[in-house]
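Reading through the structure tokens given below for one structure.
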Amino acid sequence: MYPIQIVFSKNPIDQRHLGQSGGTISFTACGLPVFHFETQEQFLTYMKLKGEAAYNESR
């Protein structure tokens, strides 16, 4: 399976979720920062944490 990369977020909460899920901040060949996940499980964990945070903010 290939690693997953998504657009970098400056939001500290997103960066915390990235660390909690096991993802890292990486750089593309052009030097742009991205969120990098080695496995789909890491990515899904990140999305779950992000969704829970959004839910809690809307309460």
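Here the structure is a predicted model, which is why all the values come from computation and not from measurement.
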Check: T24 side chain, S26 main-chain N or O, donor-acceptor pair, under 3.5 Å = no

Nearest-0.5 Å distance, NZ of residue K50 to CG of residue L18 | 10.5 Å

Point-to-point distance, once rounded to the nearest 0.5 Å, from CD1 of I4 to CD of E41 = 11.0 Å

Would you mind reporting whether T45 and L49 have side-chain heavy atoms less than 4.5 Å apart?
-> yes

Taking atom CD of Q40 as the centre, does the number of heavy atoms from other residues, nucleotides or ligands within less than 6.0 Å exceed 12?
-> no

Fit a plane to each ring of F37 and Y46, take the angle between them on a 0 to 90° scale, and name the class: parallel (under 30°), tilted (30 to 60°) or perpendicular (over 60°).
-> tilted

Taking atom CD of Q20 as the centre, report whether more than 12 heavy atoms of other residues, nucleotides or ligands fall under 6.0 Å from it.
-> yes

With a 4.5 Å heavy-atom cut-off, do F8 and Q15 have their side chains touching?
-> yes

OG-NE2 distance between S9 and H17, expressed to the nearest 0.5 angstrom | 10.0 Å

Given side chains that start at C-beta, do those of F35 and I25 come closer than 4.5 Å, heavy atoms only?
-> yes

